[in-house]
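Here the structure is laid out as structure tokens; the discussion comes afterwards.
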Amino acid sequence: MATTTEDAVPRSVPEGVKKRRDDSRLAWLFILPALIGLLLFYFWPLVRGIALSFTSWDLLSPAQFIGAENYVRMVQDPVFWNAVRVTLYYVVLNIGIQTVVALVIAVLMQRLTRSAMLRSLILAPYLVSNVVAALVFFWILDFQLGIGNQLLEWIGLSRIGFFTTEAWAIPTIAGVNVWRHMGYTALLIFAGLQAIPSNLYEAGRVDGASEVRMFRSITVPLLRPILGLVLIISVIGSFQVFDTVSVTTGGGPVNASRVLQLYIYENAFAEFNFGYAAALSVAMLAILIVVTFAQYRVTRAGQTDLN
Amino acid sequence: MTQLHGTAGLGAEAVARREPENPAEQKRPRRRLSLGRVAAWAVMIAMLLITIFPFYWMLRTALSSNSALYANATSLLPVDFSWGGFERVFGLQTVDEAIAQGGSGAQLNFWLYLRNSVIVATGITVCQVFFSAMAAYAFSRLRWRGRNLVFSAFLLSLMVPIIFTLLPNFLLIRDLGLIDTLFGIMLPGLFMAPFAIFFLRQFFMNVPLEIEEAALIDGASKVRVFFALIIPMSAAPIATISILTYITAWNDYFWPLMVSYTDDSRVLTVALGAFSAQSPQSGPDWSGLMAATLVAALPMIVLFSLFAKRIVNSIGFTGIK
């Protein structure tokens, strides 16, 4: 992606313009606000967060350097390990379902219709906040009155305590977020599908290939780089799940849905353990880096099979 | 909704439009119309239903009276039609009335929160997009030493997870004395978003060089080129990124929750969370809650329906480029 930078370089510069070629002063001026934002709200927090993770600090008294104590505590903290497990479980469920559903919608849209209206409707859930999505499903899946549970009973199954039982809390929250994001993800994949040359499908059809066969042999391999990028973006987002949990289960029942970000929030703002919360954030960062890197390798998102 | 009417009719129409002069071609799409295509449409419509139904259910519940919900949980239409839910949200009922109808007596100071949300989302969108556009211009159309180096620094920032910056940013805002102010909520988002810079840079690079050179020869400055040429010619992508930024800023929950403590700086999403937390645990005020969620979601739905086509058509570029 970075290689395209050079595209902007003038290929033929007329004489009169040549003397203006170095725009250093103007460029720094133009970049100044963004640079301030970058340093102040991205790089400085990075440094400060890591430094903070080696201290004990409750906001009231000055921070005290305590070495790696926070990390030692973290390794021995069963709630932390539980949070990691719950978060991973959530991410696998969320991304797994979301990707499959979005892929199905995208392929269907590509094969069935170009209607912008339909694509707008599919995108609608993305417009509402996580809080709204969470509350609506909190109501729809209510044990007593929710239409979802009424439906279950109507088709002869027993009611499920979606947000109130340990086994269902995380799958339910994952499902809610699939609902909010599947349309958006489908549109991203749809855009990738549009980039696949249509003559490949024509050729496949001439050879008598079935739709399923063409999906496996043309769509999947050629979609891989885009799918890879979409996956990386959505996995990073998925790891940071908070709103839905905070509004519905609040981490319960017991610790069944206490995801890492919620645990960080509680440590910082309920117990004022800012040092420990910072250490937890560093752990989250480390997990994200490893996962992103692994994904990038596995999906080979940087390469294309098109050429 | 025309595309949902009949699958057969639509397929035939499409065929007729696409290949009117080639009868041999006509056969193939029509064959695909068969079982597979019907099944495909069925799946698509099911997906649409899943997408749309919760919105309808919000409306249906909000327009029901709370007590009637318990007896008629499955009715598809509002039961015992009532504006009570909305009245509770907007504080049009007295506390006694509200409690009698199953509410908590808590209400949304809606217009205040709406104003706060509008200020925050607008402030962030205007500044962030403008400054990002300036940076994107410097990265795409200006020649300067260190450009690639600085650009890779921005690339790197794209990988810093937001969660990691939140805690230190909170401390920074606190040190600046901006806790519980709208400006404090806005500040971290005002300067730029790495994503907006990349997005706009891609489009600025595509503005033909010849036009820029002609303007420069005519004596225009680079600054003038930016304002009078690049910005107008990139109006569409700028609008798209603005809308996406607006939606994101509007829906943000975690950051405003950290910074805001009182009504002075409470935005709609946070207010909604608080409103739901105040609802009685046993026998919640569902119609009031759904009225509140609907009211909170409405501004974005209106905004979106105005620009739906543009957003939908440009999202391809957003995700991939």
Side-chain angles (χ1 to χ4, degrees), chain A residues 5 7-8 10 14 16-17 21-24 26-27 30-31 33-34 36-38 41-42 45-46 48-49 105 108 112-113 115-116 118-125 127-132 135-136 139-140 145 150 183 187-188 191 226 236 240 242-243 247 261 268 277-278 281 284-285 288, chain B residues 3 40 43-44 47-48 51-52 54 57-58 69-70 73-74 131 134-135 137-138 140-145 148 154 157 160-161 163-165 167-169 188 191-192 205 209 213 216-217 222 247 251 253-254 269 272-273 276 286 289-290 293 296-297 300-301 304 308-309 312 315-316 319-320:
Chain A
T5 320
D7 292 357
V17 185
R21 269 182 65 113
D22 187 54
D23 308 312
S24 286
L26 187 66
F30 262 67
I31 210 127
I36 293 174
L38 181 75
F41 293 108
Y42 284 86
L46 202 65
R48 194 173 183 181
I105 296 178
L108 287 180
L112 292 178
T113 170
S115 157
L118 186 126
R119 277 183 282 152
S120 313
L121 285 177
I122 269 300
L123 191 64
L127 303 176
V128 305
S129 62
N130 284 326
V131 179
V132 168
L135 285 177
V136 172
W139 163 228
I140 287 180
L145 297 174
Q150 303 275 356
L187 279 189
L188 295 181
I226 283 154
I236 292 177
Q240 301 178 44
F242 173 81
D243 309 0
V247 174
Q261 179 138 305
S281 304
M284 170 87 113
L285 181 65
L288 269 178
Chain B
Q3 71 273 20
V43 174
M44 191 79 217
M47 291 292 179
L48 266 179
T51 301
I52 299 304
W57 209 240
M58 264 190 248
L69 285 173
Y70 289 80
T74 50
F131 290 143
M134 282 172 58
Y137 179 63
S140 61
R141 315 291 297 207
L142 299 179
R143 303 273 304 147
W144 46 290
R145 277 168 61 93
N148 288 343
F154 277 87
S157 72
V160 179
I163 166 69
F164 196 77
T165 61
L167 218 52
N169 276 346
F191 295 94
M192 62 114 187
M205 286 191 324
L209 269 173
E213 279 160 13
L216 290 175
I217 289 166
K222 289 265 183 177
I247 292 174
N251 286 339
Y253 177 70
F254 196 36
T269 44
L272 187 60
S276 96
W286 288 116
L289 259 178
M290 286 304 107
T293 50
M300 282 307 99
I301 295 176
F304 179 72
K309 211 162 182 176
V312 158
I315 261 175
I320 283 99

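Please read all numbers here as calculations on a predicted model, not as lab measurements. Every chain is numbered from 1 and lettered A, B, ... according to where its sequence line falls, protein lines coming before strand lines.
In plain terms, the two heavy atoms of A:Ile31 and B:Ala138 that are nearest each other are CD1-CB, 4.1 Å. Across every non-hydrogen atom of B:Ser157 and A:Leu38, the tightest pair is CB-CD1, 3.2 Å. Nearest heavy-atom pair across B:Ala297 and A:Val128 is CB-CG1, 3.7 Å. The shortest heavy-atom contact between B:Pro168 and A:Pro45 is CG-O, 3.3 Å. The nearest pair of heavy atoms linking A:Pro33 to B:Met134 is CG-CE, 4.2 Å.
Not a single donor-acceptor pair under 3.5 Å links the side chain of A:Asp23 to the backbone N or O of B:Trp144.
Of the residues considered (B:Leu167, B:Leu289, B:Thr269), B:Leu167 shows the highest number of contacts with chain A, using heavy-atom pairs under 4.5 Å. Chosen from B:Pro188, B:Gly273, B:Ala135, the residue pairing most often with chain A at heavy-atom distances under 4.5 Å is B:Pro188. With respect to chain B, the highest number of heavy-atom pairs below 4.5 Å among A:Val247, A:Asp243, A:Asn130 belongs to A:Asp243.
Within the 4.5 Å cutoff, side-chain heavy atoms of A:Val132 are placed close to those of B:Leu272. Counting heavy atoms from C-beta outward, B:Leu48 and A:Ile122 have side chains that approach closer than 4.5 Å. Residues B:Trp57 and A:Val136 are not in side-chain contact: their nearest non-hydrogen atoms beyond the backbone lie 4.5 Å or more apart. Between A:Trp139 and B:Thr293, every side-chain heavy-atom pair lies at or beyond the 4.5 Å cut-off. When side chains are defined from C-beta on, B:Met47 does not count as touching A:Leu108, because their heavy atoms never get closer than 4.5 Å.
In this structure, the portion of B:Met290 lying under 4.5 Å from any heavy atom of chain A is its side chain and not its backbone. With a threshold of 4.5 angstrom between heavy atoms, B:Phe254 approaches chain A through its backbone and through its side chain.
To the nearest 0.5 Å, atom OG1 of residue B:Thr165 and atom CZ of residue A:Phe41 are 10.0 Å apart. Atom CG of residue A:Leu127 and atom CD1 of residue B:Ile301 lie 6.5 Å apart, to the nearest 0.5 angstrom.
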